[in-house]
Amino acid sequence: MGHTRVRFAPSPTGYLHIGGARTAIYNWLFARKTGGVFILRIEDTDVSRGSPELVQGILDGLRWLGLDWDEGPYFQSQYAGEHREAAQKLLESAHAYRCFCTPDELKARRERALAEKRDVKYDGTCRNLSPEEVKAKEDAGVPFAIRFKMPEGPGSVAFRDEVYGPIEKRFADLEDFVVVRSDGSPLYILSNAVDDIRDGITHIIRGQDGLANTPKQILIYEALGKEPPVFAHMSFTLDPKRAKISKRRHGEVATVEFYRTHGFIPWAVLNFLVLLGWSTPDDREFFDRAELIRAFSLEGVGKASSVFNFHKGDPKFITDPKLMAINAHYLRTMELSELAPLIRAEMEAAGIWDDMFEGAEREWFLATVDLIRSRYHLLSDFVTEGAAYFSDEFPMNENALNKNLLKSPELAGWLPELADEIDALEGFTLESTEGAIRGFADKKGVKAGVIINGVRAAVTGQLKGPGLFDVLIAVGKDRVVRRLREVGRYY
RNA sequence: GUCCCCAUCGUCUAGCCAGGUCCAGGACACCGGCCUUUCACGCCGGCGGCAGGGGUUCAAAUCCCCUUGGGGACGCCA
């Protein structure tokens with residue numbers, strides 16, 4: 001395929017939206033797949049021009065997902081001169097003309113057309129001005145915008161979209177669109193095309209809203225004497241009500257930042273996002289980086305929009321259940337050595353990280369993570385539900401307290417007694433602890449479960465968890481004994 | 001008002017382009033079971049869909065048309 005060049009061109013909004021992330025992912029994957037170049041370009045014309053902090057959120061999101069770009073970030077605002085030059089060329093080659101209609105006039109005409117249920121396209125008032133009329137207005141200093149001159153006649157623009165197939169649009173259904181404002185500033189549709197030409201973009205992979213703009217942009221390419229690139233439009237991601245996802249409506253869940261701060265594994269998020277509207281013929285769902293790059297293809301991109309299945313206020317799923325399932329899958333299956341740094345970050349943030357976990361206690365740390373990870377969904381679970389394994393500061397689950405400790409008041413006295421027996425144990429092993437606890441239950445004439453559950457609650461603050469004897473070994477003799485002796489504080 | 005796109009379980013989807021092997025397969029979610037001191041994991045099973053209607057054909061989820069539903073574009077926004 002030669003050297004492909006693709007770009008992700010977000011406007012600086014301050015955060016990376018999940019829809020934008022998906023677009024970025026597809027571009028990145030395509031570049032990596034084809035050995036091409038992935039370019040980052042910030043489309044900062046108009047309002048948000050010149051606010052670096054709004055760009056930062058986007059860069060952070062891309063980096064967190066592991067998407068590395070080869071060129072850029074370029075800033076569209078820096079090329080306004082080029083965009084204007086292109087408009088000049090269009091004017092000179094009669095592919096565009098000066099339009100002296102004022103925005104107010106246009107707005108009025110437009111509203112009238114809408115009210116009368118007529119077509120709202122530009123009526124072509126200035127299209128056929130004579131050279132004399134144009135000169136007179138220019139001399140009089142009447143401000144003008146520049147409009148692209150749509151070809152006349154029954155012709156059409158045709159192209160093949162890599163995901164939607166052949167698309168054809170009649171000139172008659174298009175209008176003379178504005179390319180430069182009357183204040184001389186270029187518009188997106190022009191700037192975008194000019195930038196793509198300059199950056200040598202070979203494949204434009206973008207959201208489906210660009211599909212309707214594509215014929216116009218192809219016309220711009222042709223008027224400028226350039227070969228249009230290959231286009232591939234991706235369907236949208238909608239909410240369960242089939243409305244577009246936005247930060248405004250849906251809040252933080254719509255941003256990558258949310259996942260970064262809520263215990264998600266970057267690769268899991270990427271894996272989920274890539275599956276939203278793309279699949280392989282064998283319907284595979286988990287990939288490592290190399291596998292995904294190998295498997296990716298524009299052919300697998302679906303035409304139908306997909307739903308991001310998020311329900312605000314759901315106590316069980318803070319985001320799409322599938323995303324949580326994928327996160328949990330990676331959490332329990334990924335290499336411990338790769339998982340450890342992610343957990344470390346959580347623990348540092350929670351203030352319970354100890355450098356020993358990467359030093360003398362590394363083996364213990366990894367084994368403990370491995371012991372508990374199969375029941376966790378989020379990285380943050382290690383510092384909430386899992387805090388007792390790593391720190392003496394841990395929360396006591398209310399249900400565990402009521403059901404397994406308070407309900408059996410005798411435990412207040414028994415557990416310290418058991419602590420002494422465990423402390424006196426020859427060895428501290430699965431066998432010895434199990435023997436001690438079952439023997440203790442027999443001696444007190446209760447079912448082992450009563451003691452086991454009480455110990456679990458006192459030692460981990462949890463109602464559930466791995467097999468208790470494994471838990472004891474992981475937590476360690478000293479801590480177990482201490483926590484059992486101090487059980488009185490809960491009564 | 002004009003133009004364009006889309007349509008398989010609740011959700012993500014395989015199958016559709018090259019019609020039969022599909023009384024439609026997988027995943028998530030949900031329900032039940034096994035395992036078990038608990039909870040997960042794992043395993044087994046269940047629930048659940050070709051939007052509707054016409055064609056074409058020996059045969060249609062697959063091809064064609066219409067209807068319905070959804071989305072998008074039509075800015076001196078990006």
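The sequence lines fix the lettering, A, B, ..., with proteins before strands; numbering per chain opens at 1. Here the structure is a predicted model, which is why all the values come from computation and not from measurement.
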For the pair A/Asp176 and A/Arg127, find out whether any cationic side-chain nitrogen is under 4.0 Å from an anionic carboxylate oxygen. yes
Pick base, sugar-phosphate or nothing for A/Ile146, based on heavy-atom distances below 4.0 Å to the nucleic acid. nothing
Between B/U62 and B/A18, how many Å separate the two P atoms, rounded to a whole number? 14 Å
Ring centroid separation for A/Phe286 and A/Tyr330, is it under 6.0 angstrom? yes
Looking only at heavy atoms, the pair that brings A/Gln76 and A/Asn192 closest together is NE2-N, 3.7 Å
What's the closest nucleotide to the side chain of A/Asp283 if the choices are B/A14, B/C77, B/U38? B/A14
Separation of B/C74 C1' from A/Phe171 CZ (nearest whole Å): 17 Å
For RNA chain B, which residues in residues 316-335 of chain A have a heavy atom at a distance below 4.0 Å? A/Lys316, A/Phe317, A/Pro321, A/Lys322, A/Ala325, A/Arg332
Tell me what A/Pro466 touches on the nucleic acid: a base, only sugar-phosphate, or nothing, going by heavy atoms under 4.0 Å. base
How are the rings of A/Tyr74 and A/Tyr79 set to each other: parallel, tilted or perpendicular (split at 30° and 60°)? perpendicular
OP1 or OP2 of B/C12 less than 4.0 angstrom from a side-chain nitrogen or oxygen of A/Ser306, does that happen here? no
Distance to the ring centre below 6.0 angstrom and angle to the axis at most 45 degrees; does that hold for A/Lys216 and A/Phe177? yes
State the pairing partner of B/A73; accept Watson-Crick or G-U wobble contacts with both distances under 3.5 Å, and report none otherwise. B/U2
With sugar-phosphate meaning primed atoms plus P, OP1 and OP2, does A/Glu116 contact a base, only sugar-phosphate, or nothing at under 4.0 Å between heavy atoms? nothing
OP1 or OP2 of B/C77 less than 4.0 angstrom from a side-chain nitrogen or oxygen of A/Arg181, does that happen here? yes
Nearest non-hydrogen partners of A/Gly465 and A/Arg375, listed with the distance: O-NH1, 3.3 Å
Give A/Gln76 one of three labels, base, sugar-phosphate or nothing, depending on what nucleic acid heavy atoms sit under 4.0 Å from its own. sugar-phosphate
Picking from B/U2, B/G72, B/C12, the nucleotide nearest the side-chain atoms of A/Leu276 would be B/C12
How are the rings of A/Phe390 and A/Phe382 set relative to one another: parallel (under 30°), tilted (30 to 60°) or perpendicular (over 60°)? tilted
What is the distance from CG of A/Asp119 to C1' of B/C4, rounded to the nearest Å? 14 Å
Parallel, tilted or perpendicular: which one describes the rings of A/His233 and A/Phe231, with boundaries at 30° and 60°? parallel
Once you round it to whole Å, what is the distance between C1' of B/C39 and CG of A/Asn397? 11 Å
How close or far is atom P of B/C12 from atom CZ of A/Arg22, stated in whole angstroms? 11 Å
If we take the C1' atom in both B/C16 and B/G25, what is their distance in whole Å? 14 Å
Nucleotide B/A27, atom P - distance to CG of A/Asn271 in whole Å: 16 Å
Side chain of A/Arg456 - closest among B/U38, B/C6, B/C4: B/U38
Roughly, in whole Å, what's the span from CD in A/Glu162 to P in B/C5? 17 Å
I want to verify a distance call: between B/C76, B/U37, B/G72, whose nearest atom is closest to the A/Asn453 side chain? B/U37
Students often get this wrong, so: under 4.0 angstrom with heavy atoms, is A/Arg118 touching a base, only sugar-phosphate, or nothing? base
Which of the following nucleotides, B/A27, B/U37, B/G71, is nearest to the side chain of A/Glu285? B/A27
Please state the C1' separation for the pair B/G54 and B/G49 - nearest whole angstrom. 22 Å
Does a nitrogen or oxygen in the side chain of A/Lys464 sit under 4.0 Å from OP1 or OP2 of B/U38? no
Sugar-phosphate, base or nothing in reach of A/Gly277, heavy atoms under 4.0 Å: sugar-phosphate
Please give the distance between the P atoms of B/G26 and B/C65 as a whole number of Å. 33 Å
Taking a pair to mean Watson-Crick or G-U wobble geometry with both distances below 3.5 Å, B/C34 pairs with B/G42
Nucleotide of B/G26, B/C4, B/A78 approaching A/Asn213 most closely (side-chain heavy atoms): B/A78
Could you state the OH-C1' distance from A/Tyr122 to B/G75, rounded to the nearest angstrom? 14 Å
Rounding to an integer number of Å, can you tell me how far A/Glu175 CD sits from B/U2 C1'? 11 Å
Which of B/C76, B/U37, B/A73 is nearest the side chain of A/Asp209? It is B/A73
Does A/Asp195 pair with A/Arg198 as a salt bridge, N-O distance under 4.0 Å? yes
Of B/C39, B/C4, B/C12, the nucleotide closest to the side chain of A/Arg242 is B/C12
Roughly how many Å apart are B/G53 and B/A61, using the P atom of each and rounding to a whole number? 12 Å
Is the CD atom of A/Glu291 crowded by more than 12 outside heavy atoms at less than 6.0 Å? yes
When you compare B/G52 with B/A24, how far apart are their P atoms, in angstrom units rounded to a whole number? 15 Å
Which of these, A/Trp267, A/Phe272, A/Trp278, sits in a ring-ring contact (aromatic ring centres under 6.0 Å, His included) with A/Phe287? A/Trp278
Output the single nucleotide from B/C6, B/C4, B/U38 whose closest atom is nearest the side chain of A/Ala304. B/C6
Roughly how far apart, to the nearest Å, are B/A51 and B/U11 at atom P? 12 Å
Does any N or O donor sit under 3.5 Å from an N or O acceptor when you compare the side chain of A/Ser374 with the base of B/A40? yes
Take the angle between the ring planes of A/Phe264 and A/Tyr259 and call it parallel below 30°, perpendicular above 60°, tilted in between. perpendicular
Using both distances under 3.5 Å as the test, list the Watson-Crick or G-U wobble partner of B/U11, or none. B/A27
With a cut-off of less than 4.0 Å, is there a side-chain N or O of A/Lys303 near OP1 or OP2 of B/C6? yes
Just call it for A/Pro281: base, sugar-phosphate, or nothing, with non-hydrogen atoms closer than 4.0 Å on any strand. sugar-phosphate
Does A/Ser182 contact B/C76 through a side-chain donor or acceptor facing the base, at a distance under 3.5 Å? yes
With a non-hydrogen cut-off below 4.0 angstrom, is A/Leu275 in contact with a base, only sugar-phosphate, or nothing? sugar-phosphate
Go through B/A40, B/C12, B/A78 for me and flag the one nearest to the A/Val307 side chain. B/C12
Mind checking A/Arg284 for me? I need base, sugar-phosphate or nothing, with any heavy atom below 4.0 Å counting as a touch. nothing
Separation between the P atoms of B/A40 and B/G32, rounded to whole Å: 12 Å
